[in-house]
2 protein chains.
Amino acid sequence: MLVKYRIITEKPMLKYEDVAEKIKQMIYQQSMPKGTQLPNIEGLINQYQVSRTTIIKALNRLERHGVIYQVQGSGIFVRQPKKVSYLNFLESHGFSVDLNDLPGSSQVFNVDLMQPNVKVKENLQCDDNEQVYYIKRLRYADGKVYGFEQSYYRKKLVSYLNKEIAENSIFSYVQEVCKINIGFSDKYFKAIKLDAEIAPYLGLQAGDPALCVEEIFYTTSGEPFDFSQIVYHYENAKFYVQSHSK
Amino acid sequence: MLVKYRIITEKPMLKYEDVAEKIKQMIYQQSMPKGTQLPNIEGLINQYQVSRTTIIKALNRLERHGVIYQVQGSGIFVRQPKKVSYLNFLESHGFSVDLNDLPGSSQVFNVDLMQPNVKVKENLQCDDNEQVYYIKRLRYADGKVYGFEQSYYRKKLVSYLNKEIAENSIFSYVQEVCKINIGFSDKYFKAIKLDAEIAPYLGLQAGDPALCVEEIFYTTSGEPFDFSQIVYHYENAKFYVQSHSK
DNA sequence: TAGTGGTCTAGACCACATC
DNA sequence: ATGTGGTCTAGACCACTAT
């Protein structure tokens, strides 16, 4: 039997991922407006030649990602497109394609190997004497500064990093070269008053507002590998999150 | 056959929800630390007497809610408990129990029936001449002001509202009395500078930072019923979001 | 090699929506 | 009454981890 493979990761293509992707393409290529009804499950089974369960799994995935919504007894419908100029908060690093991780989108100040302080050590669950890479960089999008980031990667899991990698996408490197599979993440955030140290990086004044986000990323086996603190420019960075009760 | 029912909604209890809840209880009652391994799937099948698929569905739900993580070939493990004093951003209204929606936790300024302005009309997809309830209130938690909220509910879907309801939980009322089933939501957020009009409500100065969130809640059939703008106190409101790549 | 989670199937039956 | 999505089952087989 012919087995499809993902282009990048070389993992076997799962049927439900494949079907989900194709349905998504169908929606976007035909630029269906919100509320458009899709074929029913029976129809999708015939169209993609997979079992009912696989169709349902694909639909649930699309529902969680905000692409469609399903109404029992009624049908499957296209969901509202997100407002433009807002970033997907859950995909702003990591899980899916990150449009901001393009070459030249980061100004890197340093990439240092060091002993973590207490806070970093705790968040990354480091052993004693374990070392971490410390990266400080400014992030740009559309030519505008949108965030000041300080991140820490465990050397144990990310054995090498340099300035060039940090200027591009650390997450692509970590996945493709270090073979780290990203499993899940915790994000903590709040509004803050910018201090005199960070404000200049963003071209703002001390006392100006900012969105401060602390993130911890874990591998699929549950090991934390990245702890980052990002301070976002209050005018240049806006986010959205779509969620679902199911 | 005996069918279990949910206490409040009187909907039949689904097996996978039931199992998920029981596993969650097991974790919390035994206060298992993060990393604790749970029984394997075979064991859970025997313990709860349901099919493999149902166990897996329950586990996936717990995984999405940040309670556990599953490692293929290895096992099922308890995930890190969230930092205290942070609110779950996705559950801060709506989907699950809202600890802040307790009696006396809101100071209500007005509950008015009115014609929506353009922005509200668009976000709620109102027909022409449709009316909305406009509620303005301050939200408290632990005796501290944490947010200033302006919300709009479509009269078409929420036929009646008053000050007393707004002082308690609008969402409970909407679900239990109006029989609205909450399906999904869109949330947009950014840091802002407080203006002179809103700052006093939060006991802050104009120019101080704040987290501004705009939310749209939809019924399970995809109709928007609530549009809210909430301005959060930058010192009293902190949030977390847990996410998963699966 | 043995054990664990993950995918996929075919089919029965249930719950909700619409007419 | 009919059509739609949702749940649940039993079982085959695949993919990853540990030893």
Side-chain angles (χ1 to χ4, degrees), chain A residues 1-6 9-20 23 37-46 48-64 68-79 179-181 183-184 219-223 244-246, chain B residues 1-6 9-20 23 37-46 48-64 68-77 179-181 183-184 219-223 244-246:
Chain A
M1 178 188 165
L2 187 75
V3 179
K4 292 190 185 181
Y5 283 83
R6 288 181 173 109
T9 59
E10 295 180 16
K11 282 185 183 176
M13 179 68 94
L14 300 173
K15 284 194 184 179
Y16 74 88
E17 281 186 346
D18 188 31
V19 171
I23 293 174
Q37 185 161 7
L38 298 184
N40 66 17
I41 291 182
E42 207 55 37
L44 294 170
I45 289 171
N46 293 327
Y48 298 108
Q49 293 293 307
V50 294
S51 75
R52 184 181 167 81
T53 313
T54 299
I55 292 289
I56 287 174
K57 206 167 176 185
L59 291 173
N60 287 340
R61 158 164 292 222
L62 290 173
E63 194 166 40
R64 284 200 305 277
I68 60 163
Y69 60 94
Q70 302 177 79
V71 185
Q72 186 168 140
S74 183
I76 305 157
F77 304 90
V78 175
R79 187 160 161 185
K179 299 295 177 197
I180 287 179
N181 293 309
F184 50 93
T219 65
T220 46
S221 60
E223 280 192 300
H244 208 102
S245 58
K246 262 187 265 195
Chain B
M1 177 189 165
L2 187 75
V3 179
K4 293 189 182 181
Y5 281 84
R6 288 181 174 108
T9 59
E10 293 179 19
K11 281 185 184 177
M13 180 66 95
L14 300 173
K15 283 194 184 179
Y16 75 89
E17 282 184 346
D18 188 30
V19 171
I23 293 174
Q37 184 161 7
L38 298 183
N40 67 16
I41 292 182
E42 208 54 38
L44 295 170
I45 289 171
N46 292 329
Y48 297 108
Q49 291 296 306
V50 293
S51 75
R52 182 182 169 81
T53 314
T54 299
I55 291 288
I56 287 173
K57 207 168 174 184
L59 292 174
N60 287 340
R61 157 164 294 221
L62 291 174
E63 193 166 41
R64 285 199 305 276
I68 60 163
Y69 60 94
Q70 302 178 76
V71 185
Q72 186 168 144
S74 179
I76 305 158
F77 305 90
K179 300 294 179 198
I180 287 179
N181 293 309
F184 49 93
T219 66
T220 46
S221 61
E223 281 192 300
H244 207 101
S245 58
K246 263 188 264 197

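Just so we're on the same page: letters track the sequence lines, and every chain starts at 1.
- Separating the CD1 atom of B:I68 from the C1' atom of C:dT4 is a distance of 14 Å, rounded to the nearest angstrom.
- In terms of heavy-atom proximity, B:Q70 sits nearest to B:K246 at O-NZ, 3.8 Å.
- Atom-to-atom, CZ of B:R52 to C1' of C:dA10 comes out at 17 Å; the value is rounded to the nearest Å.
- Between the CD atom of A:E17 and the C1' atom of D:dC14 there is a distance of 15 Å, given to the nearest Å.
- Distance from the side chain of A:K15 is smallest for C:dT9 among the nucleotides D:dT9, C:dG5, C:dT9.
- Of the residues near DNA chain C, B:N40 and B:I56, the one whose nearest nucleotide (by heavy atom distance) lies more toward the 5' end is B:N40.
- Both B:I55 and A:N60 lie near DNA chain D, and the one whose nearest nucleotide falls closer to the 5' end is A:N60.
- Separating the CD1 atom of A:I45 from the P atom of D:dG6 is a distance of 13 Å, rounded to the nearest angstrom.
- Look at OH on A:Y69: it is 19 Å from P on C:dC16, rounded to the nearest Å.
- Remark on DNA chain C: of its neighbouring residues B:Q72 and A:V71, the 5'-side contact belongs to B:Q72, judged by nearest-heavy-atom nucleotide.
- Between B:K57 and the phosphate of D:dC8, there is no side-chain N or O to OP1/OP2 separation shorter than 4.0 Å.
- For the pair B:Q37 CD and D:dA18 P, the computed distance is 10 Å after rounding to whole Å.
- Summarising the geometry, the separation between OH on B:Y16 and P on D:dT9 is reported as 13 Å, rounded to the nearest angstrom.
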